[in-house]
Amino acid sequence: MDSESKRIVSLTDSATASVARARILALLPLFPAPVQTPRLTLSHGSLEGGPLAGLRVLEVPGPETWMLGKMLADLGAEVVLAEPPGGDPGRAHPPLAPGGASLTWTALNLGKQSVVIDLAESTDRARLYALLQGADVLLEGVESLAVAGLDAAAVRTANAGVVHVAITPFGPDGPRAHWQGADLVHFAAGGYLNMTGAPDGSPLKPSAPLQSYLLAAGHALVATLLALRQRRLAGRGQHIDQAIRDCVPWMLTHTYQHWDMLGIDLKRQGARRDVGSAVRLRNVYRTADGHAVWMFQTGHLGARGLVQLVAWMHEQAMAPDWLRELDWAHLDLLRAAPDLPARLEEVFGAFFATRTKHEILEFALRSGVMIAPMASVADLAEDRQLAHREAWRTINQPGMGELRVPGPPLHATALRWEPRGPAPAPGESDPRWEPRPAPMATATPPTLPLEGLRVLDFGSTLAAPTAGRHFADFGADVIKIESATHPDTLRVGTPYANREPGLDRSGYFAAYNAGKRSLAIDMNQPGAAAIIRGLVERADVVLENFVPGVMQRWGLTWDVLREWNPRLVFASHALQGQDGPYTRHRGYGQIASAMTGWYDLTGEAGGEPLGPYSAYTDFLTWPILAAAILAAIEERDRTGAGQRIDHAQVESSIHFLAPLLLDLQVNGRITTRAANREPYIAPSNVYRAAGDDRWVAIATPEDWHWECLAAAIGRPGLATDARFATFAARKANEAEVDALLAAHCATRDADALAGELQAAGVPAAKVARASDLFADPQLAHRGYFVRLPHPVLGDHAVITPSFRIEGIDATPRRAAPLLGEHTYEILTGLLGIEDGAVAAMVESGLLR
């Protein structure tokens with residue numbers, strides 16, 4: 001493809017793209033007819049080769065597909081990149097090694113093969129078609145085979161059994177399908193940018209490359225494994241539509257529920273976090289040698305640790321009498337004296353400033369207080385827990401030598417998931433794939449891929465419940481095991497229906513637990529183990545995310561569970577994993593984000609570290625947990641044996657920093673916060689628009705984007721101005737570029753301006769609030785929100801999965817359960833327990 005055609009195809013105006021496609025197709029003869037092959041059931045996987053050993057993946061590379069292809073390769077698949085002459089343009093993506101090779105591209109393409117395909121050459125087109133016919137999975141992003149006439153229908157004709165994954169910024173159809181994406185644009189349009197940054201400052205994103213693309217890759221991995229299972233069971237290929245922007249609202253925790261239920265648009269918190277929607281408490285504190293992140297909690301979750309913290313402060317003569325007199329078990333900041341939050345911040349802040357990060361971590365390990373030292377990217381290489389867990393692998397990369405890269409994202413007894421080799425040189429391989437036979441359907445193919453599976457969900461808060469929520473959406477019977485004596489943390493999270501607290505009144509809980517059933521059982525009571533045994537014997541998966549040791553105290557060890565059910569997949573999610581020096585470390589995604597560098601990477605250049613909004617790493621890593629469970633289920637179906645999965649959030653989070661870890665290793669460069677500016681895009685920033693706290697995000701990844709931007713703002717001469725004509729010039733004059741754009745945007749409506757810029761070929765988006773998501777025409781077109789009736793919450797909104805699998809209607813079938821709503825039906829219907837026995841259990845206090 002000539003450079004001019006490539007430029008035109010990249011423009012998202014549909015008419016322009018159609019003209020460009022016609023120009024290209026005029027040069028290309030038709031692809032040959034597909035080879036007719038017999039049908040059979042495909043089976044993949046081996047312990048040594050990985051659960052996807054034998055699976056063939058054809059990848060049309062781009063930033064949308066890199067991470068997904070790498071994860072499939074790490075799981076054992078044979079992944080072949082079909083690169084254009086000269087190689088994937090992403091091979092020049094910063095940061096670069098001294099020889100000019102891209103460290104980003106290298107980090108995200110380990111273990112793959114490469115072929116060079118020149119679509120202008122008939123022999124190469126035939127090679128491409130042969131690879132497509134022999135593939136099990138096709139990965140495409142914006143650089144799609146559709147420009148060569150292979151749209152989704154043509155792909156299906158060529159290979160009826162292929163799982164075709166298309167990752168696009170906003171989806172393939174709808175009023176904004178033509179909108180162009182960029183990392184900043186995806187975060188802006190998805191609402192996350194609005195929630196990160198200082199309350200009186202600019203909306204921000206983490207200063208790490210391609211985060212929205214890597215986030216979408218995790219979602220797409222879950223989609224791919226679901227589609228492969230559905231193909232095996234239903235005997236047909238699957239098309240996956242993965243929209244990058246649609247992944248982002250999943251990270252908003254309770255933000256969209258506040259708008260839906262209370263009409264409140266939550267705002268940026270800076271270095272604080274919401275306690276309800278009325279009180280904000282600092283969670284970033286200075287230490288004697290850096291910073292720490294603290295998740296202040298009272299009640300049953302935090303009282304014991306606070307007592308120990310105040311005792312430590314008292315030993316150092318830094319605990320005033322009023323602090324030691326507080327009743328931490330019953331303190332409610334929403335109903336306390338208005339000045340109490342400020343007084344707490346002052347006294348705790350003064351104490352933390354006298355302690356080192358090491359002292360704070362040691363205290364966290366012995367007390368259970370959710371606090372962590374704030375790490376930089378450089379600190380990760382020396383992390384004791386990561387070393388104990390063998391979280392690194394060494395790869396010999398030609399031209400660079402030995403590279404230390406993130407290794408297994410989790411531990412499992414029968415699932416190998418780790419890098420398999422170096423990133424390839426362009427065209428170094430020449431795979432010859434025979435056409436794949438079309439798969440055969442089982443006798444009674446399911447409507448949903450997880451129909452007939454049962455998951456016991458002991459999870460609380462976000463990561464494990466989000467995985468469970470997706471299992472329920474795709475057909476599994478997910479039974480939430482909980483109790484009024486120890487409810488899911490989200491049940492006591494705002495917003496509440498009519499602003500009144502209650503275990504069945506939380507919209508936060510409702511979002512991440514829709515479609516599940518609830519069994520209320522006090523696990524500390526005699527008789528609980530017998531009930532759980534009956535459920536385990538009838539389950540496929542047990543999922544939990546307690547602090548290590550809780551399941552063991554209940555007698556629910558892996559040895560016991562697999563004796564009860566040898567086919568069981570037992571998956572644990574924890575902050576630091578099930579073993580190692582930091583295994584007792586408690587915390588949510590904020591604590592993992594502190595330990596893995598995300599707080600240090602988020603903020604204004606030279607300013608205070610602010611951290612990304614809420615539990616950032618929960619949402620990066622739940623897909624890895626879910627994917628491991630799906631892969632283990634397939635292994636179980638193939639071999640008959642279950643397995644144990646040990647997922648540490650800190651451990652899997654480092655995979656999303658791989659380019660920066662290589663930059664440190666190869667160049668000695670420690671990346672830190674830089675607001676919204678990117679090392680490879682100029683401009684990349686947000687600009688204040690008309691109205692209260694209204695902003696527009698604008699990015700120009702290519703020089704021609706700048707051309708389009710200059711014309712769109714009525715300053716076409718800027719395209720040839722020596723100060724701005726090239727990326728290097730714009731980067732050198734970035735402050736001047738920002739000033740020009742700030743002046744243009746200041747009086748404009750954010751939504752209208754973003755639409756004009758997109759129509760002109762410029763990646764741009766309004767920085768959306770939660771309320772804007774409900775009014776977004778593209779999300780409405782995609783049916784992104786569904787409304788579910790609930791006996792307490794009433795009619796309320798819940799988001800659907802970020803991906804669509806053709807022919808599968810995956811959405812919550814019912815609202816989140818009341819606590820214990822299904823206890824009777826589960827005990828009598830599933831376990832066959834008689835009414836009298838159930839009544840006795842209620843009377844004894846077991847069922848509550």
Side-chain angles (χ1 to χ4, degrees), residues 9-18 60 62-65 68 139-144 146-147 151-152 164-194 205 210-220 223 239-252 256 681 684 686 696-702 705 708 750-770 772-785 799-806:
V9 170
S10 297
L11 291 174
T12 54
D13 176 76
S14 58
T16 306
S18 297
V60 183
E64 302 86 3
T65 63
L68 174 57
L139 308 181
E140 293 185 303
V142 172
E143 294 296 327
S144 168
V147 300
D151 58 13
H164 181 186
V165 187
I167 306 177
T168 58
F170 291 89
D173 51 55
R176 292 182 174 173
H178 63 287
W179 276 31
Q180 293 191 72
D183 204 29
L184 186 67
V185 169
H186 301 143
F187 277 121
Y192 195 79
L193 218 60
N194 185 65
K205 67 176 282 294
L210 302 174
Q211 285 300 291
S212 62
Y213 295 85
L214 307 190
L215 173 69
H219 285 233
H239 184 273
I240 296 170
D241 155 21
Q242 175 69 71
I244 300 173
R245 189 277 293 271
D246 290 12
C247 302
V248 176
W250 274 94
M251 308 178 82
L252 292 178
Y256 78 83
I681 297 176
S684 172
V686 296
V696 175
I698 301 173
T700 58
E702 305 288 347
H705 285 124
C708 295
D751 207 32
L753 177 57
E756 291 173 13
L757 294 176
Q758 284 281 359
V762 182
K766 174 175 66 177
V767 176
R769 301 169 179 169
D772 296 319
L773 299 179
F774 285 90
D776 186 288
Q778 185 69 11
L779 292 179
H781 173 82
R782 291 175 66 77
Y784 191 68
F785 291 99
I799 57 176
T800 56
S802 66
F803 50 84
R804 306 286 183 264
I805 303 178
E806 183 181 15

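What's counted below: heavy atoms across the whole structure, side chains too, no hydrogens, waters or symmetry copies. Numbering of residues begins at 1 and proceeds along the displayed sequence.
Summarising the geometry of P763 relative to A182, their closest heavy-atom pair is CB-CB, 4.3 Å, with the distance given to 0.1 Å. For the pair D241 and P172, the tightest heavy-atom approach, listed with the atom from each and the gap, is OD1-CD, 3.2 Å. Nearest heavy-atom pair across A216 and I244 is CB-CG1, 3.9 Å. Between A220 and V165, the shortest heavy-atom contact is CB-CG1, 4.4 Å. The two residues G171 and A177 make their nearest non-hydrogen contact at O-CB, 3.3 Å. Of all heavy-atom pairs between V767 and A697, the closest is CG2-N, 4.3 Å.
Take Y784 and apply the ring-ring contact (aromatic ring centres under 6.0 Å, His included) test, not counting sequence neighbours, and it matches no residue. Legend: residues meeting side chain to side chain donor-acceptor pair (under 3.5 Å) with T168, ordered by chain and number and at least two apart, are absent. Remark: A166 engages H239 in a side-chain contact (heavy atoms from CB on, under 4.5 Å) (not counting sequence neighbours). Residues satisfying the side chain to side chain donor-acceptor pair (under 3.5 Å) test with E806, not counting sequence neighbours, are R156. For K205, the side chain to side chain donor-acceptor pair (under 3.5 Å) partners at least two apart in sequence or on another chain are D183, E678. Qualifying side chain to side chain donor-acceptor pair (under 3.5 Å) partners for T700, counting only residues two or more places apart in sequence or in other chains: none.
Rounding to the nearest 0.5 Å gives a distance of 14.0 Å between NE2 of H781 and CZ of F170. The distance from the CG atom of N194 to the CZ atom of F187 is 14.0 Å, given to the nearest 0.5 Å. Of the inter-residue distances, the one linking L193 atom CG with H186 atom NE2 reads 12.5 Å to the nearest 0.5 angstrom. Distance check, rounded to the nearest 0.5 Å: NE2 of H164 to CG of D151 gives 9.0 Å. If you take CG on L214 and NE2 on H219, they are separated by 11.5 Å, rounding to the nearest 0.5 Å. A distance of 4.5 Å separates OH in Y256 from CD1 in I799, rounded to the nearest 0.5 Å.
Residues Q778 and W179 fail the side-chain proximity criterion, which asks for heavy atoms closer than 4.5 Å. A 4.5 Å side-chain heavy-atom check between L215 and Q211 finds every atom pair outside the cut-off. Between I681 and H705, the closest side-chain pair of non-hydrogen atoms is not below 4.5 Å. Side-chain contact between Q242 and C247 is present, with heavy atoms from C-beta onward closer than 4.5 Å.
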Evaluate the criterion side-chain hydrogen bond (donor to acceptor under 3.5 Å, both in side chains) for residue pair E140 and T65; output intermediate values, then yes/no. CA-CA 6 Å; E140 293 185 303; T65 63; over 6 Å; no

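Ionic pairing of R176 and D246 is not present here: no N-O contact between side-chain nitrogen and carboxylate oxygen is shorter than 4.0 angstrom. One finds no salt bridge joining R804 and D173 here, because no Lys/Arg side-chain nitrogen approaches an Asp/Glu carboxylate oxygen to under 4.0 Å.
Evaluated for a side-chain contact (heavy atoms from CB on, under 4.5 Å) with E64, the options L210, L139, V142 yield exactly one hit, V142.
By the 30° and 60° cut-offs, the orientation of the rings of F785 relative to F774 is parallel.
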